[in-house]
Amino acid sequence: MEVVITVDEGAAARVVAGIVERLLRTTDQPVLGLATGSSPLASYRMLVEAHLAGELSFAGASAVLLDEYVGLPPGHPQGYRAFIRHHLADRVDLVPDRLHGPDVWTDDLAAACVAYDRLLDELGGVDVQVLGIGSDGHIGFNEPGSSLRSRTRVKTLTSTTRADNARFFGSLDEVPRHVVTQGLGTISDARHLVLVACGSGKAAPVEAAVEGPVTASCPASVLQLHPHVTVVVDEAAAAKLANAAYYRETYAGKPSWQEL
Ligand code: GLP
């Protein structure tokens with residue numbers, strides 16, 4: 001795991017956007033895993049700007065969603081497919097039918113979850129998976145207690161997560177209770193995991209994920225088991241990291257031949 005501590009949220013977004021840009025420029029038919037939430041938004045804006053400047057194309061890429069609410073009508077603005085379309089996919093040259101997400105509108109959710117994992121395999125796996133982190137340590141919608149080897153499945157949101165996400169809805173009552181999320185095992189199949197977290201509210205979950213024990217009680221701690229992880233945090237989100245000085249020294253002294 002490499003931890004990159006940046007001066008602010010904009011610099012963190014620059015690092016994340018840079019990783020995605022390198023993937024798109026150097027890989028034939030890249031598969032990009034996209035997180036929702038506010039954390040990756042600044043990096044998505046940078047990717048859109050690079051595309052509009054004629055510097056970046058998504059034409060050969062596929063994109064896959066990490067998770068989706070169950071119970072919202074198709075096209076609901078807070079649905080995660082709509083969110084990703086609005087903030088990224090519809091603003092770049094990604095081929096529309098190469099944006100994939102779990103089918104949460106079927107009567108057979110269990111079969112849709114299996115089908116989604118199969119689809120990820122058929123695409124050849126995810127090259128770069130962008131992740132945020134919830135205040136309770138979740139990634140995707142894998143709430144505390146999620147099996148570290150779980151596959152895509154239905155989960156029930158904690159009251160903490162529903163309260164956190166209520167800001168996107170008219171009221172807490174409108175936040176769905178159920179979701180389909182890639183499992184921690186599914187997420188771990190991606191070749192490169194890039195977690196971005198900014199602000200003091202993320203300091204505790206970042207500390208638990210990066211330096212705490214590997215435990216289902218902090219789902220993001222599963223990142224410690226993955227061979228290629230980049231955690232990008234601003235100063236505020238890094239505030240509780242015991243080894244911050246080492247992370248800074250490592251990144252500052254990174255040889256030019258060594259990429260993130
Ligand atoms: C939701 C998403 C997660 C995201 C989390 C944090 O729960 N399912 O993928 O990481 O929110 O959101 P934010 O980045 O807005 O803090």
Side-chain angles (χ1 to χ4, degrees), residues 6 8-10 12-13 15-17 32-46 63-72 76-84 86-88 100-102 104 113 116 126 128-146 150 152-169 172 174-184 186-188 190 193-210 218-223 229-234 236-238:
T6 63
D8 58 21
E9 190 173 357
V15 173
V16 175
L32 178 60
L34 297 169
T36 54
S38 49
S39 299
L41 282 183
S43 53
Y44 293 166
R45 275 195 297 275
M46 289 174 185
V64 298
L65 300 182
L66 204 47
D67 46 12
E68 184 59 273
Y69 287 114
V70 174
L72 298 180
H76 187 287
Q78 294 313 325
Y80 281 174
R81 172 176 284 270
F83 181 100
I84 289 295
H86 175 72
H87 290 286
L88 182 64
H100 304 284
V104 293
C113 293
Y116 195 54
V126 175
V128 170
Q129 176 64 59
V130 178
L131 297 167
I133 186 170
S135 61
D136 61 3
H138 73 240
I139 52 175
F141 267 136
N142 292 279
E143 298 286 32
S146 291
S150 48
T152 298
R153 69 222 184 285
V154 176
K155 287 294 288 182
T156 303
L157 296 181
T158 62
S159 51
T160 304
T161 297
R162 290 186 67 242
D164 284 350
N165 290 2
R167 67 190 193 278
F168 297 114
F169 293 83
L172 180 59
E174 292 171 42
V175 184
R177 291 181 182 279
H178 294 101
V179 296
V180 167
T181 181
Q182 285 190 36
L184 295 173
T186 317
I187 292 169
S188 298
L193 303 179
V194 181
L195 185 144
V196 57
C198 293
S200 57
K202 296 295 166 81
V206 164
E207 178 197 27
V210 173
C218 176
S221 66
V222 76
L223 267 56
V229 176
T230 309
V231 174
V232 188
V233 285
D234 69 355

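Counting convention: from 1, in listed order, for ligands and their atoms alike.
- When each of Leu195, Ile133, Leu184, Ile187 is tested with Leu223 by the rule side-chain contact (heavy atoms from CB on, under 4.5 Å), just one qualifies, namely Leu195.
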Practice task
Step by step, work out the side chain to side chain contact (heavy atoms under 4.5 Å, CB included) result for Tyr44 and Val130.
Solution key: CA-CA 10 Å; Tyr44 293 166; Val130 178; 4.1 Å; yes

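- Under a cut-off of 6.0 angstrom, the local environment of CD in Glu9 is sparse, with at most 12 non-hydrogen atoms contributed by other residues, nucleotides or ligands.
- Under the side-chain contact (heavy atoms from CB on, under 4.5 Å) criterion, Thr160 pairs with Ser135, Thr158, Asp164, not counting sequence neighbours.
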Handout entry: Criterion side chain to side chain contact (heavy atoms under 4.5 Å, CB included) on Gln182 and Gln129, from CA distance to verdict
Key = CA-CA 11 Å; Gln182 285 190 36; Gln129 176 64 59; 4.0 Å; yes

Between ligand 1 and the protein, give all atom pairs where both partners are nitrogen or oxygen and the distance is under 3.5 Å, as lines of names plus distance to 0.1 Å.
unit_1   : atom_1 : unit_2 : atom_2 : d
ligand 1 : 7 (O)  : His138 : NE2    : 2.8
ligand 1 : 8 (N)  : Asp67  : OD2    : 2.8
ligand 1 : 8 (N)  : Gly140 : O      : 3.1
ligand 1 : 10 (O) : Ile133 : N      : 3.3
ligand 1 : 14 (O) : Ser38  : N      : 3.2
ligand 1 : 14 (O) : Ser39  : N      : 2.9
ligand 1 : 14 (O) : Ser39  : OG     : 2.5
ligand 1 : 15 (O) : Ser38  : N      : 2.7
ligand 1 : 15 (O) : Ser38  : OG     : 2.6
ligand 1 : 15 (O) : Arg167 : NH2    : 2.8
ligand 1 : 16 (O) : Lys202 : NZ     : 2.5

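- Aromatic ring centres of Tyr69 and Phe168 lie farther apart than the 6.0 Å criterion allows.
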